[in-house]
Amino acid sequence: ITGNGGGDGISGSDPTNWDTGAIPVSTDRVIIDTAAEITISGAVSAKDLYIASGNDNTITIKGDGSGSKLTLENVNNSSGGNGLVHSANAVINLGDGVESIHFVFNEVFRVNGDGGKSATINIMDKAIVESDRFILGGSSNGTPTINQYGTVNVTGTRMTTNKEGAFVVGLWSGNVTYNMEGGELNIKTGMTVVSGDGHGTFTMNNGVANLIGLSLNGTQNNKGVFNLNRGRLNIGASGIMHANESKGKIFNFGNGTVGAWADWTSSTAINLIGNTRFNTEDSVVSSARTITLSGVLSGVGGLTKTETGTL
């Protein structure tokens, strides 16, 4: 079923906005092939949601204050298909920053900037996006960008430190950028990987990230960069790993805070580019934590330890 904006061009519950003359149901694969502003009223489900190839317009999917929730079965995603967006320069706004909305992508949230495309996905304030796994890639030199302002919850348990991780930025030869501008990122049961078999850059400018572990995937030669400019990065028992400057795999820690929700150890190199604070108080409960760093600390910045735990 294809959204054609034949009605008011806004309401997902208006049958005249769909080519079949009926609103989507849970068995439909929904395709958006034009500019669209879709309002979700209450709980809605569908088999898939796909931004059509060549749709270089702006698409906004927003709530209306009625407990808006969109659940997608994602057959197209989980079978290695096109995902949310595949070959388009579209701007996709998940939420509008005004009304709350909850997106559930069953099995996987998949983005692929195929053919050199550079789609932009904005996860807006007051939006929640939830999935078992996030796969963010750009085959044939695609350059998609994901900007997070709201909340992202990753529920999967893939603990591999390469492209098979639970949250992967950079796949399929492309160059993927993930900017955390606010909100909360929760990946507490699976590994976060920057640089799968493509280039990836993850930059924290604000917000809080709670990660069980963070890998730059030392088995690949593709660039993987994690920048902590501001905000707070809380790490769990798996720590951070696999910096390798000769391969372009770098942890840049600036004027943000590094914390712990478990004791963690790292032997990887860290480049200090600002005044980084290491907070040794548990980020969840009132308890002292131990952070152990045995890798090379270098750069023009500095390091400050705060709270009652051990660094």
Under a 4.0 Å N-O cut-off, is there an ion pair linking E37 with K62?
yes

For K247, I'd like to know if atom NZ has over 12 heavy atoms of other residues, nucleotides or ligands within 6.0 Å.
yes

For the pair E281 (side chain) and S287 (backbone), establish whether a donor and an acceptor sit closer than 3.5 Å, ignoring hydrogens and angles.
yes

According to the interplanar angle, ranging from 0 to 90°, do the rings of F134 and F109 count as parallel (below 30°), tilted (30 to 60°) or perpendicular (above 60°)?
parallel

Looking only at heavy atoms, which two atoms of G309 and A288 are closest? And how far apart?
CA-CB, 3.7 Å

Could you tell me if the ring centre of Y178 sits under 6.0 Å from that of F167?
yes

Approximate separation, where rounding is to 0.5 Å, of L94 CG and M124 CE:
9.5 Å

Out of N147, I123, N122, which residue meets the side-chain contact (heavy atoms from CB on, under 4.5 Å) rule with N93?
N122

Please indicate whether E245 has more than 12 foreign heavy atoms, meaning atoms of other residues, nucleotides or ligands, lying under 6.0 Å from its CD.
no

Side chain of S195, backbone of G170: donor and acceptor closer than 3.5 Å?
no

Tell me the closest heavy-atom pair linking S100 and S68, and the distance in Å.
O-CB, 4.0 Å

How many angstroms lie between atom CZ of R289 and atom OG1 of T308, to the nearest 0.5 angstrom?
11.5 Å

Is there a donor-acceptor pair under 3.5 Å between the side chain of K249 and the backbone N or O of N222?
yes

Heavy-atom closest contact (G63 atom, I101 atom, distance):
N-CD1, 3.8 Å

